[in-house]
Structure formats: structure tokens, C-alpha cells
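The sequence lines fix the lettering, A, B, ..., with proteins before strands; numbering per chain opens at 1.
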There are 2 protein chains.
Amino acid sequence: MAGVKNKDKGKEHKQKNRGRIAGLLRKSGLKATKGRVEVLTLFLEAGRPLAQMQIMDLLGMKLDRASVYRTLSAFTDAGIIHMAYVDGRHRVYELPDKCGAQSCHPHFSCRGCGMTACLEDFHVHYRGTLGKGFVAERQKVLIEGLCPDCKKT
Amino acid sequence: MAGVKNKDKGKEHKQKNRGRIAGLLRKSGLKATKGRVEVLTLFLEAGRPLAQMQIMDLLGMKLDRASVYRTLSAFTDAGIIHMAYVDGRHRVYELPDKCGAQSCHPHFSCRGCGMTACLEDFHVHYRGTLGKGFVAERQKVLIEGLCPDCKKT
DNA sequence: AACACAAATGCGACATAATTGCAAAAACTT
DNA sequence: AAGTTTTTGCAATTATGTCGCATTTGTGTT
């Protein structure tokens with residue numbers, strides 16, 4: 001399973017990205033440590049929401065549990081990521097690039113395998129009153145169901 | 001062992017409800033044990049979402065922690081309750097009486113004090129496609145904002 | 001380029017939430 | 001009322017998340 005071979009091209013590319021991402025971190029007032037660069041790279045490459053456990057799995061013990069938590073916390077404080085939703089017992093984070101100030105795009109969560117995805121073409125409209133004195137600042141929508149794979153079974 | 005005194009009127013009422021609720025449980029294929037009746041009664045009387053901890057508090061040690069968890073799980077499997085949302089680290093459950101098969105009513109969560117509420121007059125419509133092969137079974141909507149109290153500050 | 005300082009990491013300890021195994025108790029069946 | 005099955009209570013275990021502290025790592029400075 002473990003691919004030991006690295007193409008030089010890929011290596012170069014990684015190095016370049018590394019610098020770019022490190023810059024991103026510094027711009028947000030964070031030190032560009034190895035772990036942080038790895039985690040941010042994950043988010044940028046995954047293109048989907050990630051939870052702490054998934055990050056650990058993808059990183060393969062390269063980073064301590066506590067550090068991942070602290071990284072997520074630091075990123076959240078810095079606004080680099082934000083909590084997309086809570087999936088069972090896991091807090092799921094994502095880049096805020098597709099979210100407006102008031103509403104985050106909806107998310108999909110598969111009841112079968114737990115896979116999650118962003119629904120960018122999915123629009124939610126709501127009508128009604130919150131009640132006297134309430135102010136709505138943000139909406140979070142989660143669609144639960146089955147992904148194609150789990151549907152087949 | 002504790003609290004031996006009961007007003008007769010309240011007792012009668014409680015007894016009646018007890019039978020009704022026990023019936024409800026049996027109809028769902030669950031044994032009507034003391035603990036389950038107590039918990040379901042709580043849900044019916046509270047009229048608001050409840051988390052395990054709140055149930056424990058309200059029941060006052062009458063039921064073991066593990067039993068509460070198992071009760072909530074059994075109720076959820078039976079469809080008597082469902083998880084409304086996750087509040088911090090707590091899973092909050094509620095009766096599904098105000099929810100349709102495919103959509104639960106939205107919830108409101110105050111950014112200031114953390115208070116949560118059900119929005120029954122709030123209707124959510126969504127339009128768009130999930131993607132090939134995906135099946136939507138349920139939607140959960142959370143509105144975040146400020147409650148009247150926190151707004152004043 | 002080397003240094004020094006602040007900040008982040010790893011690790012272990014701790015805290016809390018949730019689950020499981022099993023013997024004892026309670027609920028349903030007849 | 002006796003027998004069967006499920007549920008409960010308790011203890012032990014797992015999982016999730018935090019915290020303190022010694023050590024390492026970035027970063028700006030010399």
C-alpha cells in the first residue's frame with residue numbers, strides 16, 4: 001500500500017506549495033510550523049470538511065493528538081478554518097472559502113459511511129419569523145442521507 | 001428510598017399517565033420499564049429538547065447513567081425520539097412530533113448564552129441537486145444568532 | 001550565520017462522555 | 001406463580017478533549 005517512490009516533480013511541487021502555505025499562515029499571525037503546514041495543506045487539498053480523527057488518519061501519526069486539537073483551535077481563532085458542523089461526536093472543520101458572512105453552504109453527511117461533502121449547488125431558503133428580539137446571524141444546514149456507494153448496499 | 005410523600009391528586013394523575021405512556025412504549029416494541037416511562041414522561045412534559053445530563057438531573061439519580069444512554073438509544077432506534085442537534089459535547093434529543101419524515105424543524109442557538117430553542121414557525125425550503133446517486137433523507141437546520149437578552153448587551 | 005526569545009510540540013496525566021460485559025432484577029407470557 | 005427474556009445497575013473500558021511542563025522549533029535580531 002505504501003508508495004515509497006516519489007517523483008521529483010511532485011517533490012518540487014510540494015516544496016513550492018509549502019512556501020506558499022507557510023506564507024498564508026504567517027499572514028494570519030501564526031508560526032508556520034511543520035505540523036500546521038501539513039494540516040493546512042490537507043484542508044486545501046481535500047476540498048472537503050475534515051474532523052480531527054480524519055486529519056490524524058491522513059497524517060499518519062506525524063502529529064500528536066493534542067497538537068492537532070491545538071492547531072484546529074489556532075486556525076479557527078485565526079479564521080483560517082471554521083467549524084462546519086458537528087457529526088455525531090466529531091467536530092468537522094473546513095475552509096471558509098465558500099461561505100458568506102451570514103450563511104455557510106449546506107453540508108451532506110452519509111448515514112452509511114459517515115462521508116461528508118459540501119453542497120455548493122444546493123440552495124436553502126427559509127421563511128418565517130424567529131420571534132421578538134431574536135437576531136439571526138448565520139445558518140447551518142445539514143442534509144443527511146445516503147451516498148451512492150451506501151445506497152447500492 | 002427518598003421522597004415518600006406524594007399528594008394523592010398528583011399521584012392519580014401520574015398513575016394514569018403512566019399507563020398511557022407504558023402503552024406508547026409497548027406499541028413501539030419496547031418494554032415499559034420504570035425508567036423508560038420516567039424518561040418518556042420527561043420528554044412529553046418538558047416540551048423541549050433534552051440531553052442526557054438534563055435527564056439525569058431531572059430524574060435525580062433514579063436511573064443509572066448507562067441506563068439513560070441505553071434508553072435514549074432504544075428510543076431513537078424505535079423512533080420515539082431523535083437527536084435534535086449537538087450542543088457542545090452533548091447530544092440533545094427531542095420528540096419528533098413536530099417534524100416531518102424528511103425535515104426537522106430548525107433550531108436556534110444563541111451565540112451569547114448558548115441557549116437553544118425550536119423554531120416551529122420557521123420553514124425551510126431547499127432547491128437544487130445533491131448529485132448523482134445521493135439520497136437525501138433528512139435535513140437539519142441551525143440558525144445561530146442572538147437571543148433578546150444577549151442582544152441588549 | 002549564529003543566537004536568543006517566544007511559541008509550538010510531544011508526552012503524560014487528567015477530565016469527562018459514552019459504551020460494554022455481566023450478574024441481579026424486573027417485565028412480560030402462559 | 002413460574003419460567004423466559006429483556007433491562008438495569010455497577011464496574012471496567014474506550015473515546016474524546018484538555019492541561020502542564022520540559023524540549024524543540026520558528027523567527028527576528030545581531
Visitor: Scan the side chains in residues 63-72 of chain B for donor-acceptor partners under 3.5 Å anywhere in the protein, sequence neighbours excluded, and list what turns up.
Guide:
| residue | atom | partner | partner atom | Å |
| --- | --- | --- | --- | --- |
| B:Asp64 | OD2 | B:Ala66 | N | 2.9 |
| B:Thr71 | OG1 | B:Ser67 | O | 2.7 |

Visitor: In whole angstrom, what separates B:Arg36's CZ from D:dT5's P?
Guide: 17 Å

Visitor: Under 4.0 Å between a side-chain N or O of B:Tyr69 and OP1 or OP2 of C:dT19?
Guide: no

Visitor: So do A:Leu30 and A:Arg36 actually touch side chain to side chain, heavy atoms under 4.5 Å?
Guide: yes

Visitor: Between B:Ala32 and A:Thr71, just flag the one whose closest nucleotide in DNA chain C comes earlier from the 5' side.
Guide: A:Thr71

Visitor: Rounded to the nearest angstrom, tell me the gap between atom CG in A:Asp64 and atom P in D:dT18.
Guide: 14 Å

Visitor: Measure CZ/B:Arg65 against P/D:dT13 and give the value in whole Å, please.
Guide: 15 Å

Visitor: Could you run down the sub-3.5 Å N/O contacts of the protein with nucleotides 1-6 of chain C?
Guide:
| residue | atom | partner | partner atom | Å |
| --- | --- | --- | --- | --- |
| C:dA6 | N3 | A:Lys31 | NZ | 3.4 |

Visitor: What's the NZ-P distance between A:Lys27 and D:dT27, to the nearest Å?
Guide: 15 Å

Visitor: In whole Å, I'd like the distance from the CZ atom of A:Phe75 to the C1' atom of C:dA8.
Guide: 12 Å

Visitor: Hey, what bend do you get for the helix from C:dA1-D:dT30 to C:dT30-D:dA1 if you fit axes on five pairs at each end, rounded to 10°?
Guide: 40°

Visitor: Distances under 3.5 Å between protein N/O atoms and the N/O atoms of nucleotides 28-30 of chain D, please, pair by pair.
Guide:
none

Visitor: List, with names and distances, any nitrogen or oxygen atoms from the protein found under 3.5 Å away from nitrogen or oxygen atoms belonging to nucleotides 20-24 of chain C.
Guide:
| residue | atom | partner | partner atom | Å |
| --- | --- | --- | --- | --- |
| C:dG21 | O6 | B:Arg70 | NH1 | 3.3 |

Visitor: Rounded to whole angstroms, how far apart are CG on B:Leu30 and C1' on D:dT8?
Guide: 15 Å

Visitor: Looking at residues at least two apart in the chain, or sitting in another chain, which of them share a side-chain contact (heavy atoms from CB on, under 4.5 Å) with A:Ala32?
Guide: A:Ala22, A:Leu25, A:Arg26, A:Val37

Visitor: So which nucleotide from C:dA18, C:dG10, D:dT7 ends up closest to the side chain of B:Thr33?
Guide: D:dT7

Visitor: Strictly below 4.0 Å, N to O, side chains only: are A:Lys62 and A:Glu38 in salt-bridge contact?
Guide: yes

Visitor: Using a distance-only test with no angle check, is there a side-chain donor-acceptor pair under 3.5 angstrom linking A:His107 and A:Glu94?
Guide: yes

Visitor: Compare the minimum distances between each of D:dT8, D:dG26, D:dT7 and the side chain of A:Lys34, then state the nucleotide with the smallest one.
Guide: D:dG26

Visitor: May I have the distance from B:Glu38 (atom CD) to C:dA27 (atom P), rounded to whole angstrom?
Guide: 12 Å

